[in-house]
Amino acid sequence: MEHIQIHDKTFIPYLSQTDIQEAVDILAQRINTDYHGKDLIFLSVLNGSFMFTSDLMKGITLPCEISFMKVSSYAGTESTGRVDELIGLTSAIKDRHVIIIEDIVDTGITIDKVIKLLTIQEPSSIEVCATLFKKEAHLGQHPPKYYGFEIPNKFVVGYGLDYDQHGRNLPAIYQVKS
Ligand code: 5GP
C-alpha cells in the first residue's frame, strides 16, 4: 500500500484489507454465538460505519433487523463531542437486544450520548461494535464490547472514515503521518 494525500495531510498504510476482513469475521462469529436465540437489532451509525456494517452483516447468520441512524457531525481531525439527536431511527427497540455499529470509538462521548438517548426506549440490552477503539483517548462510560482493533490516539482514514469527507472509499485504513 502506498502513502496517500488527502487535502493537506499525508497518510500512511496502517491496517490492510486482509487484516480488517479477518477481524470483522471474528466479530461476526462472536456476535452469532452471543446473540443466538435473541431478538437482535443492529443500529448502524452513519456515515462512517457504512462499509463496516456491510462487511459485518455478511458474516451474521442470525435472524436480525438492520437499521441506520445519524448523529451529530464531525469536522476536521478533532472530535466535537456533540450529539444533538438521533436522526432516522424508525425501528422500535423496546425489549429488544441492540448492537450499535460504529466506525470508531475515540473519547466515547458520542456513543455515551447515543446510548443515553436509546435507553429511554427501554431496550433489553445495548452493546457497541466498532471497527476501531482508541482506548487511550477513551473518557466515556461505555467502552465497546466488540471491536476489531485497539489503536493509538492518532487520526485515521479509510474503510468508511473520512478526513473532511474524503477517504471513505479506501478499502484499507491509513494513519496520519506526523
Ligand atoms: P468520540 O465521540 O468517540 O470522541 O468520536 C466519535 C466520532 O468521531 C467517530 O464516530 C468518528 O466519526 C470521529 N472520529 C474519531 N476519531 C477519528 C479518527 O481518527 N478518524 C476519523 N476519520 N474520524 C474519527
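Note that the structure is a prediction, hence the values are computed from the model and not measured. Whatever order the structure lists ligands and atoms in, that order sets their numbers, starting from 1.
Within the structure, ligand 1 has G108 among the residues with a heavy atom less than 4.0 angstrom away. Residue V156 places a heavy atom under 4.0 Å from ligand 1. Residue contact check for ligand 1: F155 places a non-hydrogen atom closer than 4.0 Å to it.
A heavy-atom distance below 4.5 Å is not found between the side chains of K70 and L86.
With rounding to the nearest 0.5 angstrom, the NE2 atom of H142 is 8.5 Å from the CD1 atom of I100.
Counting atoms of ligand 1 from 1 in the listed order, those under 4.0 Å from a heavy atom of L161 are 21 (C), 22 (N), 23 (N). Per-residue contacts place K134 under 4.0 angstrom from the following atoms of ligand 1 (heavy atoms of the residue considered): 16 (N), 17 (C), 18 (C), 19 (O). Less than 4.0 angstrom separates some heavy atom of D162 from each of these atoms of ligand 1: 21 (C), 22 (N). Heavy-atom proximity to E102, at under 4.0 Å, picks out these atoms of ligand 1: 10 (O).
Y163 and D8 are linked by a side-chain donor-acceptor pair at a separation below 3.5 angstrom, with hydrogens and angles left out of the test. In this model, no donor atom of one side chain and acceptor atom of the other lie less than 3.5 Å apart for D25 and Q29.
Of the listed residues (V71, D103, D112), the one carrying the non-hydrogen atom nearest atom 12 (O) of ligand 1 is D103.
Distances between N or O atoms of T107 and those of ligand 1 include at least one value under 3.5 Å.
Taking the six-membered ring where the residue is Trp, F133 and H138 present perpendicular rings, their angle passing 60° and hence far from 30°.
Screening V176, I151, D19 against Y14 for a side-chain contact (heavy atoms from CB on, under 4.5 Å) leaves a single residue, I151.
A cation-pi contact, defined as under 6.0 Å to the ring centre and within 45° of the axis, links K38 to Y35.
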